[in-house]
Amino acid sequence: HVQLVESGGGSVQAGGSLSLSCATRGYTRRSGCLAWFRQVPGKDREGVATIDLEGNTKYADFVKGRFFISRDHTKTNLFLQMNSLKSEDSAMYYCAADGPRTVAAVTSLNAQVYNYWGQGTQVTVS
């Protein structure tokens, strides 16, 4: 049974920083990408950042240079450091696992190709 548990969301003023964490439990396919997505009511879930087993990363244009994705040496914990936050970054943030083999895949920021999801953590920027 695979379980993803996010933590670290909250409220912050514009220009501030937040760090999100995701603990993966029972996920044995270490070769798939792990990723962060976000969603606001009425809109599709959008890819934010993804990382593969080799540590290669890919970011959505709207977070490049501000957000940084990482995973620990066990490859089971995922992180997202969010800096210079803007009001438009407000959303529910989701951790996802079991994506493509590499971030080079054109679908690596496509929510439809990830098989496991966390419950989400709310980020509010005012």
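Counting from 1, the numbers follow the sequence of the chain as shown.
We find the CD-CE distance between Q122 and M92 to be 4.5 Å, quoted to the nearest 0.5 Å. In this structure, CG in N77 is found 6.0 Å from OG1 in T24, a value given to the nearest 0.5 Å. Atoms CD and CG, on E46 and N110 in that order, are 12.5 Å from each other to the nearest 0.5 Å. Here D89 contributes atom CG and M82 contributes atom CE; the two are 7.5 Å apart, rounded to the nearest 0.5 Å. With rounding to the nearest 0.5 angstrom, the CG atom of L80 is 10.0 Å from the CZ atom of R38. The SG atom of C33 lies 5.0 Å from the CG atom of D52; values are rounded to the nearest 0.5 Å.
Distance alone, capped at 3.5 Å, places no donor-acceptor pair between the Y27 side chain and the Q3 backbone. Here the side chain of S21 pairs no donor or acceptor atom with the backbone of S7 at under 3.5 angstrom. W36 contributes a side-chain N or O that, together with a main-chain N or O of F79, makes up a donor-acceptor pair within less than 3.5 Å.
A single hydrophobic cluster is not seen to contain both Y93 and L109; linkage of ILVMFWY side chains at heavy-atom distances under 4.5 Å, directly or through other members, places them apart. Cluster membership check: V40 does not share its hydrophobic cluster with V63, using side-chain heavy-atom separations under 4.5 Å among Ile, Leu, Val, Met, Phe, Trp and Tyr.
When all heavy atoms of L78 and C95 are compared, the pair lying nearest together is CD2-SG, 3.9 Å. Minimum heavy-atom separation, N83 to S17: OD1-OG, 3.0 Å. Minimum heavy-atom separation, G47 to A60: O-CB, 3.3 Å. S108 approaches K58 most closely through the heavy-atom pair OG-NZ, 2.8 Å.
At least one side-chain heavy atom of R25 sits under 4.5 Å from a side-chain heavy atom of V5. The closest side-chain heavy-atom distance from Q13 to V125 is not below 4.5 Å. N56 is not listed as a side-chain neighbour of I51, based on a closest heavy-atom distance of 4.5 Å or more.
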How far apart are the C-alpha atoms of L18 and V123, what are their side-chain angles, what is the distance that settles it, and do they pass the side-chain contact (heavy atoms from CB on, under 4.5 Å) test? CA-CA 8 Å; L18 277 177; V123 171; 3.8 Å; yes

Quick one: do E6 and L20 satisfy side-chain contact (heavy atoms from CB on, under 4.5 Å)? Show the steps, please. CA-CA 7 Å; E6 300 101 336; L20 304 183; over 6 Å; no

Steps toward side-chain contact (heavy atoms from CB on, under 4.5 Å) verdict (R71, L34): CA-CA 9 Å; R71 60 197 297 181; L34 299 182; 3.6 Å; yes

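For the ring pair (Phe, Tyr, Trp, His ring centres under 6.0 Å) condition, the pairs that include at least one residue of residues 94-116, sequence neighbours left out, are F37-Y114.
Of the options V103, I69, T50, V48, a side chain to side chain contact (heavy atoms under 4.5 Å, CB included) to Y59 is made by I69 and by none of the others.
In the displayed structure, Q112 atom CD is contacted under 6.0 Å by at most 12 heavy atoms of other residues, nucleotides or ligands.
Partners of T76 according to the side chain to side chain donor-acceptor pair (under 3.5 Å) rule, which considers only residues two or more places apart in sequence or in another chain, are T74.
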